[in-house]
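Protein chains get the first letters and strands the later ones, always in sequence-line order, with residue 1 at the start of each.
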Protein chains: 2
Amino acid sequence: MTSIKDVAAQAGVSVATVSRVLNSHPSVSPDARTRVLAAVDALGYRPNAVARSLRTDQTRTLGLVISDVLNPYFTELARFVEEEARALGYSVIIGNADERPELQDHHVRTLLDRRIDGLLVSPADGDSPLMAEVSRGGTPMVFVDRWMPGVDVPVVRADGRHAIRDLVAHLHALGHRRLAIIAGPAATTTGNERVEAFREALRAYELDLPEVYIGQGDFQADSGRRVTERFLALPEPPEVVFAADNLMALGALDAIRAAGLRVPRDMGLAAFDDIPWFVHTDPPITAIAQPTGELGRAAVRALVDMVEGRSPQSVTLPARLVVRRSCGEPASDQRSNL
Amino acid sequence: MTSIKDVAAQAGVSVATVSRVLNSHPSVSPDARTRVLAAVDALGYRPNAVARSLRTDQTRTLGLVISDVLNPYFTELARFVEEEARALGYSVIIGNADERPELQDHHVRTLLDRRIDGLLVSPADGDSPLMAEVSRGGTPMVFVDRWMPGVDVPVVRADGRHAIRDLVAHLHALGHRRLAIIAGPAATTTGNERVEAFREALRAYELDLPEVYIGQGDFQADSGRRVTERFLALPEPPEVVFAADNLMALGALDAIRAAGLRVPRDMGLAAFDDIPWFVHTDPPITAIAQPTGELGRAAVRALVDMVEGRSPQSVTLPARLVVRRSCGEPASDQRSNL
DNA sequence: CTGAAAGCGCTTACAG
DNA sequence: CTGAAAGCGCTTACAG
């Protein structure tokens, strides 16, 4: 590989001058600049980012640790994060935790070893003392989507409370009373919050959320399948199942179909997180859509603010209900989004 | 950050000894080893990967540049790539090209600047002189899924020819004769190959693939939509449309629905790439499934072989047809995969 | 405006 | 088995 020395030799200047030209330092003579640029061009020289990072103690790289890349919601989030980071002059390295805390910690450590400038995390299930440690250690860090109580870092997330209220109103208007939820892991904030918001919304209609109607899932399709099978075996199965993410909704659909039943005739289904395929499933699925793009962008901005010494801002954005046909025909006064 | 010096001081040895312990060099006394390990533990020391890379000239990092992370096929591929790389002791940095050659080149350059040990690429549409340059420059490189003619690096990919033949046999058996394809970009190998294999398979039944039945897409949903609209407007629209990837199939579905028509009654639909949602779409979609996991693993192994000085192997794996209901009811002698 | 020199945090021949 | 020293490729005070 050609190094700064080669460029210096070719241009007939010192490496210091080459460095200055490359970093647009003002005190370089036009003549030196021209010669350096010509040499860079002739040699196809590209600065070694590793050496630069060692020297400057910054990598211009952000780490993003997400719970599950295969979940379209997180894939999309990752995409927007990378886009915004690139716009601000940063690269991003993604670590996929697969909803496993040890794998999450592995990635966090690897990222820290590489001296990323900041860390964006959507914590997986299970507690991780590492997070608090990292934050205390002074690494700029921001939680996105999910957060961990007790770890004092900015949080960028969507609030589904209102949308869940709208969902319950929609279900109630359709005459449904026995409503169940496939919850995410209790240790994740989104897991908890969605159950609590659901319970609260039911209460407004004087409906109960009995224990048997709370299925413990882990945000993966398989758990949605298992929980739904259990719901179906109940003496009095729920009329509608609300899956706390799109993968568990997929599992629920699998289970309902495997039982020879149909949505919404035999059981209604709704999901948190909206994805393009929900328009084309049989039937189209009523879902709660998160403003994924804005979340990703806001998270990066908060993190870069920290990295660059400005004060970061926590952001909460509203999610919104998209009514389709998976819970029964929408009442005529509700706007449909097919 | 605590450095190797701090550990040396705490353990009462030189930094050289610390380094030896950390790298399991044999010539270290048990006593020194114990003291170093204790110091490492006490200080929570983690070696600076940036410094190590600069010194050893290896980063234990692989770059993966894919055409579109939002495409579930590539998301899955990326996941398996990371998994296998991790098993072999490497990290991977993903660059998302969004099917844009300039963005692809941007990522390749950034990755090279970071001195990744090897590069895995699924080239986007449009030619990129950079690729040939990189390969000639001596950076270990492997193409996965797609490849570029004229760039002499190992290729790990699926061969869809046989599965496409099966698909055409299936369509023919169902009585369909007017078959159309939504092709990928002509400059991508997968774009071309799928059209050619389709044309060839049709020929075996003495069927033609007229120009108007070849829609030019770009592997994105929007193009599938546009092409399908054009097909529908034809005096004699095709009976079945075969989309060369799953996103264009999504677009096709959008267009068919928007026209108030139904699959397969009004138009059949099949797709290259299989995804979990295809089981639940209306109707379930007949698709050609790639062995994504094996592709990802084989690609990483080939690349790591190059990186570590062994001779790498190109691999071609067969894709297979999964018959569902989107082209009409399957004949009874064909195994159905709902 | 310019260059010589120090130093970022490591690893590794070299000498003992 | 151990340490002092060189050096990876940069950047940046410092002196001129």
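Heavy atoms of B:Ser27 sit under 4.0 angstrom from at least one base atom. Here B:Asp57 lies out of heavy-atom contact (under 4.0 Å) with every strand.
Distances from the side chain of B:Val13 to the nucleotides D:dG3, D:dC10, C:dT12 place D:dG3 closest. Listed nucleotides: D:dT2, C:dC10, C:dG3. Nearest to the side chain of A:Thr17: C:dG3. The side chain of B:Arg52 sits closest to C:dC10 out of C:dC10, D:dT2, D:dC8. Out of D:dT11, D:dC1, C:dC10, the shortest distance to the side chain of B:Ile4 is found at C:dC10. When distances are taken from the side chain of A:Ser14 to each of D:dC10, D:dG7, C:dG3, the shortest belongs to C:dG3.
Atom pair B:Arg60:CZ and C:dT11:P shows a separation of 13 Å (rounding to whole Å applied). B:His25 places its NE2 atom 9 Å from the P atom of D:dC1, with the value rounded to the nearest Å. The separation between A:Met1 atom CE and D:dC10 atom P is 10 Å, rounded to whole Å. One can place CD of B:Gln58 at 21 Å from P of C:dG9, the figure rounded to the nearest angstrom. Atom CG of B:Leu22 and atom P of C:dT11 are 7 Å apart (whole Å). Whole-Å rounding puts the B:Leu54 CG to D:dT11 C1' distance at 13 Å. Atom CZ in B:Arg114 sits roughly 23 Å away from atom P in D:dC8 (whole-Å rounding).
Counting heavy atoms of neighbouring residues, nucleotides and ligands inside a 6.0 Å radius, atom CG of B:Asp152 does not exceed 12 of them.
Using a cut-off of 4.0 Å between Lys/Arg side-chain N and Asp/Glu carboxylate O, B:Glu308 and B:Arg60 are scored as salt-bridged.
In this structure D:dG16 sits in a base pair with C:dC1, meeting the Watson-Crick or G-U test at under 3.5 Å.
For B:Arg55 and B:Arg33, each mapped to the nucleotide of DNA chain D holding its nearest heavy atom, the one lying further toward the 5' end belongs to B:Arg33. DNA chain D is contacted by both B:Ser29 and B:Val15; B:Ser29 maps to the nucleotide lying nearer its 5′ end (nearest heavy atom per residue).
With contacts defined as side-chain heavy-atom distances shorter than 4.5 Å, the pair B:Arg52/B:Asn48 does not qualify. Residues B:Val300 and B:Tyr90 are not in side-chain contact: their nearest non-hydrogen atoms beyond the backbone lie 4.5 Å or more apart. Residues A:Leu111 and A:Thr61 have side chains not in contact (no heavy-atom distance under 4.5 Å, counting atoms from C-beta outward). In this structure, the side chains of A:Ser19 and A:Leu22 stay at 4.5 Å or more apart for every pair of heavy atoms.
Considering OG of B:Ser122 and OH of B:Tyr73, their distance stands at 7.0 Å, rounded to 0.5 Å.
Figure legend: cation-pi geometry between A:Arg157 and A:Phe143 absent, as NZ or CZ is not positioned both under 6.0 Å from the six-membered ring centre and within 45° of its axis.
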Look for any protein N or O under 3.5 Å of an N or O in nucleotides 13-16 of chain C and output each such pair with its distance, or none.
unit_1: C:dA13; atom_1: N6; unit_2: B:Arg20; atom_2: NH2; d: 3.1

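In terms of phosphate contacts, B:Asn48 brings no side-chain nitrogen or oxygen within less than 4.0 Å of OP1 or OP2 of C:dC8. Checking the phosphate oxygens (OP1, OP2) of C:dG9, no side-chain nitrogen or oxygen of B:Tyr45 falls inside 4.0 Å.
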